[in-house]
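Structure first, commentary second.
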Amino acid sequence: KLILIGPPGSGKGTQARLLSKKLKIPHISTGDILREVVKNKTQLGQEAQAYMEKGELVPDNVIIEIIKERVSRPDCEKGYIFDGFPRTLTQAQMLDKIFKEKNKELDLVIQFKISDESLTKRLSGRLICSKCGADYNLYFKPPRVGDICDRCGGKLLPRQDDKKNVVINRLKVFKNQTKPLVNYYQKQAKIKDIDADKKSENLNQELLQLIDAEVNPNGLPEKQSFPAESAEE
Ligand code: AMP
């Protein structure tokens with residue numbers, strides 16, 4: 001059971017997807033789940049959209065219900081990777097309660113540390129495929145042709161909440177509401193830092209080594225046999 005903590009644009013999503021494939025456990029992104037809910041235009045979706053458009057956090061009780069439902073599915077038996085959750089102290093405390101009820105324990109929290117300069121580029125250059133959700137970046141991982149997805153030919157669009165004023169708010173919210181979690185997990189001696197400024201492939205290798213060293217080494221499939229893999233995967 002892993003948690004990735006880091007500011008928006010620090011590469012958590014990309015890394016969580018790669019880790020999920022290699023460790024064969026699901027990637028649970030509350031942001032992705034919420035974007036799906038918004039797309040479906042349900043009552044919950046409309047409520048969530050209002051917060052997301054402003055870069056504010058969706059209320060804790062909504063998020064906890066989403067998580068409870070998600071981790072009770074059979075594919076979560078062996079573990080999972082949280083990306084973008086928990087984001088507040090209340091969410092972290094509620095998660096501890098869920099673990100306790102299920103007789104499970106959190107393994108590791110990884111904090112993605114990144115310079116402001118990289119963060120700005122990553123956010124302002126980010127493009128997402130409107131059809132398959134693949135992510136690109138104009139600076140680091142440009143599509144082969146214009147604004148067309150290499151994989152499925154879908155149109156690439158910036159994320160709604162990557163607009164400048166919304167980004168500024170999201171970073172502020174991260175600093176005020178999510179950063180305090182670092183302290184919370186430090187007290188539990190569960191958190192490790194990683195330098196997220198490096199290239200995606202290198203970062204992925206480092207993450208795997210960190211997880212291998214910190215989390216039950218025999219629990220990972222085929223120890224030390226992870227091939228170098230491109231972030232496009
Ligand atoms: P993300 O894709 O993780 O950057 O999330 C996009 C947006 O979804 C955030 O700016 C929040 O509005 C909302 N969101 C995602 N995860 C959470 C969470 N754990 N708690 C509250 N709001 C969230």
Side-chain angles (χ1 to χ4, degrees), residues 1-20 26-42 44-71 76 80-99 106 109-112 114 118-130 132-137 157-182 184-185 196:
K1 277 81 58 201
L2 305 171
I3 293 175
L4 309 186
I5 286 187
S10 57
K12 300 185 303 297
T14 305
Q15 293 303 325
R17 268 187 288 277
L18 290 169
L19 289 177
S20 161
H27 162 211
I28 302 179
S29 153
T30 38
D32 284 350
I33 297 174
L34 287 167
R35 277 183 287 279
E36 200 52 41
V37 172
V38 168
K39 237 195 214 166
N40 295 338
K41 296 203 163 68
T42 55
L44 177 65
Q46 282 167 9
E47 274 173 45
Q49 188 173 18
Y51 293 97
M52 293 166 80
E53 275 176 354
K54 286 184 269 175
E56 305 283 346
L57 294 184
V58 172
D60 289 332
N61 57 333
V62 173
I63 300 291
I64 291 298
E65 285 315 309
I66 289 176
I67 289 294
K68 268 192 185 155
E69 190 279 324
R70 184 64 189 86
V71 297
C76 288
Y80 32 83
I81 305 161
F82 284 133
D83 153 24
F85 171 84
R87 256 178 154 106
T88 64
L89 215 47
T90 307
Q91 289 179 18
Q93 286 159 346
M94 300 292 274
L95 178 63
D96 279 346
K97 230 172 114 193
I98 296 175
F99 280 137
L106 172 67
V109 181
I110 302 173
Q111 178 178 207
F112 281 48
I114 184 163
S118 298
L119 212 55
T120 314
K121 272 192 174 170
R122 288 193 191 200
L123 288 167
S124 62
R126 182 151 71 173
L127 288 173
I128 311 284
C129 174
S130 54
C132 75
D135 57 298
Y136 295 84
N137 188 292
L157 298 169
R159 249 173 66 167
Q160 278 296 321
D161 57 358
D162 280 345
K163 287 180 192 145
K164 199 170 175 201
N165 57 337
V166 184
V167 163
I168 291 170
N169 200 29
R170 284 165 64 210
L171 291 172
K172 205 157 81 191
V173 166
F174 173 76
K175 218 168 152 193
N176 295 337
Q177 306 204 55
T178 309
K179 223 45 207 306
L181 288 188
V182 171
Y184 181 78
Y185 287 120

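Just so it is clear, the values below take in all heavy atoms, side chains as well, and ignore hydrogens, waters and symmetry mates. Order of listing sets the numbers, starting from 1, for every ligand and every atom in it.
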Checklist line | Heavy-atom nearest neighbour in the protein, as seen from atom 8 (O) of ligand 1, with distance rounded to 0.1 Å | finding: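 Its nearest protein heavy-atom neighbour is Met52 CE, 3.5 Å.
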Check: Identify the closest protein heavy atom to atom 16 (N) of ligand 1: which residue and atom is it, and at what distance?
Finding: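 Among all protein heavy atoms, the one nearest atom 16 (N) of ligand 1 is Thr30 OG1, 2.8 Å.
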Should [X] and [Y] count as side-chain neighbours, where that means a heavy-atom distance under 4.5 Å?
X	Y	result
Glu56	Asn169	yes
Leu89	Leu181	yes
Ile3	Pro86	yes
Tyr185	Gln111	no
Phe85	Ile64	yes

Notebook entry, point to check: Does Arg159 come within less than 4.0 Å of ligand 1, judged by its heavy atoms?
Noted result: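 The answer is yes: ligand 1 sits under 4.0 Å from a heavy atom of Arg159.
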Pick from [options]: the one approaching [atom] most closely through a non-hydrogen atom:
atom	options	value
atom 21 (C) of ligand 1	Asn169, Asp161, Val58	Val58
atom 23 (C) of ligand 1	Ile67, Asp162, Thr88, Leu34	Leu34
atom 1 (P) of ligand 1	Arg87, Gln49, Gln160, Lys54	Arg87

May I ask you to list the atoms of ligand 1 that are less than 4.0 angstrom from any heavy atom of [X]?
X	value
Glu56	11 (C), 12 (O)
Arg170	4 (O)
Gln91	18 (C), 19 (N), 20 (N), 21 (C)

Next item on the list: For Asp161 and Gly55, indicate whether the former's side chain and the latter's backbone hold a donor-acceptor pair under 3.5 Å.
Entry: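 No, Asp161 side chain to Gly55 backbone: no donor-acceptor pair under 3.5 Å.
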Checklist line | Contact check: Tyr51 vs ligand 1, nitrogen or oxygen atoms, below 3.5 angstrom | finding: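 No; every N/O pair is 3.5 Å or more apart.
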Note to self: Counting only nitrogen or oxygen atoms and a 3.5 angstrom limit, does Gly84 reach ligand 1?
What the structure shows: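 Gly84 vs ligand 1: N/O contact under 3.5 Å present.
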Checklist line | Test log, rule side-chain contact (heavy atoms from CB on, under 4.5 Å), inputs Gln15 and Phe112 | finding: CA-CA 10 Å; Gln15 293 303 325; Phe112 281 48; 3.8 Å; yes
Next item on the list: Might you confirm whether atom CD of Gln160 has over 12 heavy atoms from other residues, nucleotides or ligands at distances under 6.0 Å?
Entry: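 It does not: Gln160 CD has 12 such atoms or fewer within range.
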